[in-house]
Amino acid sequence: MAWRESAKERAAVEAVKLVKDGFVLGIGAGSTVAYALREIGRKIKEEYFHVSVVSASSQTSKLAREYGIPLTSLDEHLQLDLDIDGADQIDEKLNLIKGMGGALTREKIVASASKTFVVIGDESKLTDALGKNQPLPVEVLPFALPFVTSKIRKIGGQPVLKKSSLGSPFITDNGNYVLNVDFGVIKNPLRLDRKLKSLPGVVETGLFLGMADVAIVGTKTGIKVIRKKQ
Ligand code: 5RP
């Protein structure tokens with residue numbers, strides 16, 4: 001699906017148009033966000049644009065440094081002007097599944113700290129039902145892994161431990177594991193999120209509910225902008 005790369009790039013470049021000089025940004029993780037970082041880096045270099053970024057992942061921080069983007073932290077800025085992040089699924093109410101890159105917890109913190117949250121992706125991320133052909137990432141404390149795994153099975157999920165490219169368990173920037181859980185179609189995302197968050201040892205879920213303000217989605221030929229209904 002070669003069109004997806006140009007669609008992701010189009011969405012990312014469009015999202016960066018919302019960034020104003022002087023903004024403190026939140027930036028998530030993933031391949032779509034990488035295009036946004038490249039565009040921000042270009043604007044800093046060519047347009048003498050001043051922004052700083054609170055990064056939600058070590059990979060994003062590395063890329064930001066490569067593009068000459070100044071990094072800052074939540075210690076310096078409790079509130080961010082705008083967050084740009086990708087997603088694994090986006091439903092029509094702009095509820096999301098995120099975290100297939102394993103950065104869900106920091107991504108949720110950064111999105112929550114931002115005045116506006118813009119989600120970007122290609123059209124394949126749009127869905128009529130969260131969880132359809134898409135597992136839900138759940139970050140888990142290593143100590144609690146057997147306990148949480150068995151509890152998730154009891155509530156109807158099929159958890160698979162996320163692995164790194166070397167085949168060992170993937171470790172998040174917070175030192176935790178990620179379970180990618182198949183729940184099938186998630187009929188009541190809020191209820192599932194509450195159930196999962198009530199399990200001791202669950203650090204965070206990849207359900208981002210009611211958080212995104214706007215989705216900028218690259219299609220095969222253009223861009224679709226979907227705003228949150230008030
Ligand atoms: C990482 C994420 C990513 O935003 C999500 O996985 C989408 O990634 P990509 O833009 O590569 O499709 O949530 O934790």
Side-chain angles (χ1 to χ4, degrees), residues 1-16 25-40 53-64 82-91 94-114 117-127 130-140 160-165 169-182 186 189 193 202-209 211-220 223-224:
M1 287 205 283
W3 67 270
R4 284 184 58 190
E5 287 309 308
S6 47
K8 286 195 272 188
E9 185 175 3
R10 265 199 300 281
V13 169
E14 191 67 19
V16 174
L25 296 172
I27 300 281
S31 58
T32 317
V33 150
Y35 289 113
L37 286 168
R38 194 181 66 187
E39 176 65 2
I40 294 166
V53 160
V54 175
S55 156
S57 88
S58 48
Q59 241 185 340
T60 294
S61 304
K62 185 170 175 278
L63 209 51
L82 183 78
D83 181 41
I84 300 178
D85 201 351
D88 302 298
Q89 273 192 334
I90 306 170
D91 79 4
L94 301 193
N95 292 321
L96 316 173
I97 286 183
K98 284 189 45 57
M100 288 307 281
L104 57 150
T105 301
R106 293 189 186 202
E107 288 175 330
K108 201 178 266 191
I109 294 167
V110 167
S112 300
S114 300
F117 173 23
V118 182
V119 63
I120 53 178
D122 67 78
E123 208 174 13
S124 72
K125 303 294 176 76
L126 295 176
T127 184
L130 294 180
K132 195 195 251 185
N133 305 317
Q134 171 62 52
L136 174 68
V138 177
E139 183 163 346
V140 181
V160 174
L161 185 64
K162 180 178 172 65
K163 298 279 176 66
S164 74
S165 52
F170 173 90
I171 308 288
T172 69
D173 286 340
N174 312 310
N176 298 318
Y177 292 142
V178 172
L179 289 171
N180 287 330
V181 189
D182 183 358
I186 301 171
D193 193 49
V202 166
V203 176
E204 195 46 89
T205 83
L207 284 166
F208 284 49
L209 307 176
M211 294 180 72
D213 298 292
V214 56
I216 302 181
V217 176
T219 64
K220 286 193 177 104
I223 274 166
K224 199 187 270 182

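All ligand and atom numbering here is 1-based and tracks the order in the structure.
Between Asp122 and Arg4, at least one side-chain N (NZ, or NE/NH1/NH2) sits under 4.0 Å from a carboxylate O, which counts as a salt bridge. Between Glu9 and Arg38 there is a salt bridge, since a side-chain N of the basic residue sits under 4.0 Å from a carboxylate O of the acidic one.
Of the possible polar contacts, one joining the Asp85 side chain to the Ala29 backbone as a donor-acceptor pair under 3.5 Å is found. Between the Lys108 side chain and the Thr205 main chain, a donor and an acceptor come within less than 3.5 Å of each other.
Looking at atom 11 (O) of ligand 1, its nearest protein heavy atom turns out to be Ser31 OG, 2.5 Å. Remark: minimum distance from atom 1 (C) of ligand 1 to any protein heavy atom is reached at Glu107 OE2, 3.2 Å. Looking at atom 3 (C) of ligand 1, its nearest protein heavy atom turns out to be Ala29 O, 3.3 Å.
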When you look at Val178 and Thr172, which way does the side chain to side chain contact (heavy atoms under 4.5 Å, CB included) test go after all the steps? CA-CA 7 Å; Val178 172; Thr172 69; 3.5 Å; yes

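Near Thr32, the atoms of ligand 1 lying under 4.0 angstrom from a non-hydrogen atom of the residue are 9 (P), 10 (O). Atoms of ligand 1 lying under 4.0 Å from at least one heavy atom of Gly101, given by number and element, are 1 (C), 6 (O), 14 (O). For ligand 1, the atoms lying closer than 4.0 Å to a non-hydrogen atom of Asp85 are 4 (O). Near Met100, meaning under 4.0 Å from one of its heavy atoms, ligand 1 places the atoms 6 (O). Which parts of ligand 1 touch Asp88 is read off a 4.0 Å heavy-atom cut-off, strictly below it: atoms 5 (C), 6 (O), 7 (C), 13 (O). Applying the 4.0 Å criterion to heavy atoms of Gly86 picks out, from ligand 1, the atoms 4 (O). Near Ala103, the atoms of ligand 1 lying under 4.0 angstrom from a non-hydrogen atom of the residue are 14 (O). Distances below 4.0 Å separate heavy atoms of Gly102 from the following atoms of ligand 1: 14 (O).
One option in Lys125, Lys108, Gln59, Glu139 has a heavy atom closer to atom 12 (O) of ligand 1 than any other, and that option is Lys125.
Any N or O atom pair closer than 3.5 Å counts here, and Gly30 shares no such pair with ligand 1.
Residue Val118 comes nearest to Ala15 through the heavy atom pair CG1-CB, 4.1 Å, listed as atom of the first residue, atom of the second, then distance.
More than 12 heavy atoms of other residues, nucleotides or ligands shown are found within 6.0 angstrom of CD on Glu123.
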